[in-house]
J.: 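Take this structure first; my questions come after.
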Amino acid sequence: HSAMEWGGVLDGPSASASVPRRASFNPALHQFRPAVETKRALNAAKLSRAFAKPFVAALSHHPDGVYALRRSSVHAHNLASAAADGSLAVWDTAAGVASP
């Protein structure tokens, strides 16, 4: 065979072995399906628990959406926020209050 020729079988009785088959939805053929679904559900529960973050507090000062947050490099409990309306607020997260 040259480099441009196909060496596989396209016709004949062995052609079906090289062609991928469609999935069968017959439950009798899928004996491990309940185990697979259980494993997928368990993995989904683990992922949702791993990515869940505890809700600490709601800092509501800005009337519009907040587009920037920056924490203080000096005081760990200070946080600055900037909103779409141009307002800035410096938060004392320990007390939960903002000083505009």
J.: Considering only residues two or more places apart or on different chains, which pairs with a residue in residues 34-45 satisfy side-chain hydrogen bond (donor to acceptor under 3.5 Å, both in side chains)?
T.: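 Every pair satisfying side-chain hydrogen bond (donor to acceptor under 3.5 Å, both in side chains) with a residue in residues 34-45: R33-E37.
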J.: Quick one: are L69 and L79 in side-chain contact, heavy atoms under 4.5 Å?
T.: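 In short, these two side chains touch, coming nearer than 4.5 Å.
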J.: Sort and list the pairs that fulfil side-chain hydrogen bond (donor to acceptor under 3.5 Å, both in side chains) and have at least one residue in residues 65-77, not counting sequence neighbours.
T.: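 Of all non-adjacent pairs touching residues 65-77, those that pass side-chain hydrogen bond (donor to acceptor under 3.5 Å, both in side chains) are H77-D92.
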J.: Distance-only check: which donor-acceptor pairs under 3.5 Å involve side-chain atoms of residues 80-89, not counting sequence neighbours?
T.:
unit_1, atom_1, unit_2, atom_2, d
S81, OG, H62, NE2, 2.7
S81, OG, W91, NE1, 2.8
D85, OD1, S87, N, 3.2
D85, OD1, S87, OG, 2.8
S87, OG, H62, ND1, 2.9

